[in-house]
Amino acid sequence: MAAAAVGRRGSTTSTFVSLAVAMAIAALSSLPPSSTAAKAAPCSSHTFSGTTGGQNPYASCADLPRLGATLHYNYTAATNTVAVAFRAPQAKGDDGWVAWGINPSGRAGMVGTQAVVAFQRSDGSLVAYPTLLDSYAPSMAPAAPGDLAFPVSDVAAEYVDGKEMVLYATLALPAGNGQQGSSKFTHVWQQGTAVVNDVPAAHPTTGDNILSTATIDFSD
Ligand SMILES: *[C@@H]1O[C@H](CO)[C@@H](O)[C@H](O)[C@H]1NC(C)=O
């Protein structure tokens with residue numbers, strides 16, 4: 001008798017548990033697609049202007065885990081250089097900014113990152129240049145030659161599909177990067193919604209905007 005009662009109570013509990021799980025799953029699947037709304041199309045579907053038939057000239061690409069951003073990259077082992085195209089949605093049209101860079105210290109954070117940034121100036125022109133993120137309140141000024149830890153060239157930017165910015169650059173990667181292999185780096189990316197007096201304004205300091213870093217092996 002007692003055993004049966006226990007058994008019944010046990011099965012009642014497990015019914016409640018599976019009901020709770022089912023409800024949790026239902027709740028999850030009915031969540032508004034807040035994060036997917038800002039998501040870019042998977043990188044493999046992107047086309048590129050300036051190439052025959054919009055063909056993708058990059059050997060590899062990665063859908064980055066935050067901010068709906070993607071990175072196309074082309075690594076040349078012989079010279080340890082990588083050409084990249086960083087692409088990120090613009091939350092509020094063309095008045096924001098995007099940035100991408102490598103933190104050669106290996107720290108998963110913005111300080112020390114050798115970045116490229118792109119945004120639209122008040123005169124309507126699109127600018128892109130390297131900049132050194134030397135603090136949590138960097139000047140965002142163009143890096144002077146010699147400021148950066150490694151040469152960055154061919155920096156350019158364009159808007160695509162009226163809502164995304166693509167930032168291009170070629171990096172001569174620093175060799176012997178600490179404990180990491182020469183083609184493996186910590187990269188950091190960002191997107192902000194405001195440019196004030198032709199200077200990118202601070203990005204949000206919560207959520208995706210402070211989690212947008214990862215390691216990448218350009219030889220993959
Ligand atoms: C990527 O490398 C290939 C082979 O070297 C080259 O043809 C192509 O132009 C490169 N693409 C970019 C964007 O540098």
Side-chain angles (χ1 to χ4, degrees), residues 38-90 94 96-104 106 113-121 125-133 142-177 180-191 200 212-220:
K39 234 185 184 109
C43 63
S44 55
S45 72
H46 291 162
T47 56
F48 286 81
S49 63
T51 58
T52 316
Q55 270 165 359
N56 174 3
Y58 297 89
S60 312
C61 77
D63 291 311
L64 303 182
R66 305 283 169 176
L67 300 172
T70 62
L71 188 74
H72 282 81
Y73 54 99
N74 217 33
Y75 179 65
T76 307
T79 52
N80 202 28
T81 58
V82 67
V84 300
F86 170 75
R87 179 167 167 150
Q90 288 286 276
D94 59 6
W97 56 270
V98 300
W100 173 88
I102 278 181
N103 193 333
T113 297
Q114 322 273 310
V116 282
V117 62
F119 59 92
Q120 187 172 289
R121 279 207 197 98
S125 62
L126 199 56
V127 281
Y129 55 78
T131 188
L132 181 60
L133 307 180
D147 279 358
L148 298 174
F150 48 85
V152 177
S153 58
D154 300 325
V155 182
E158 66 172 338
Y159 278 114
V160 292
D161 304 340
K163 57 180 176 9
E164 293 197 310
M165 185 112 79
V166 188
L167 182 48
Y168 302 91
T170 299
L171 281 58
L173 295 166
N177 189 42
Q180 302 179 325
S182 61
S183 62
K184 188 176 177 188
F185 290 89
T186 297
H187 67 142
V188 178
W189 59 98
Q190 197 51 261
Q191 178 229 348
S212 46
T213 176
T215 54
I216 188 164
D217 190 338
F218 292 119
S219 66
D220 283 348

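Each ligand, and each atom within it, is numbered from 1 in the order the structure gives.
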For the residue pair [X] and [Y], what are the closest heavy atoms and their distance?
| X | Y | result |
| --- | --- | --- |
| P200 | Y129 | CD-OH, 4.5 Å |
| A149 | P104 | CB-CG, 4.3 Å |
| N80 | P174 | ND2-O, 4.0 Å |
| L126 | E158 | CD2-CA, 3.5 Å |

Query raised in the report: Numbering the atoms of ligand 1 from 1, which are under 4.0 Å from a heavy atom of A83?
Result: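 Matching atoms, with element in brackets: 14 (O).
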Query raised in the report: Of all the atoms in ligand 1, which lie at a distance below 4.0 Å from a heavy atom belonging to Y58?
Result: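 Every atom of ligand 1 under 4.0 Å from some heavy atom of Y58: 13 (C).
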Query raised in the report: So do the side chains of Q90 and E164 get within less than 4.5 Å of each other, counting heavy atoms only?
Result: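 They are not in side-chain contact.
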Query raised in the report: What's the shortest distance from atom 10 (C) of ligand 1 to any protein heavy atom, and which residue and atom give it?
Result: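 Answer, as residue, atom name and distance: N74 ND2, 2.3 Å.
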Report task. Dump the intermediate steps for ring pair (Phe, Tyr, Trp, His ring centres under 6.0 Å) on Y73 and F218, then the final yes or no. Result -> CA-CA 7 Å; Y73 54 99; F218 292 119; 5.6 Å; yes
Query raised in the report: Under 3.5 Å between some N or O of ligand 1 and some N or O of P57?
Result: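 Between P57 and ligand 1, an N or O pair is found under 3.5 Å apart.
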Flag: protein heavy atom within less than 4.0 Å of [atom]:
| atom | result |
| --- | --- |
| atom 14 (O) of ligand 1 | yes |
| atom 7 (O) of ligand 1 | no |
| atom 2 (O) of ligand 1 | yes |

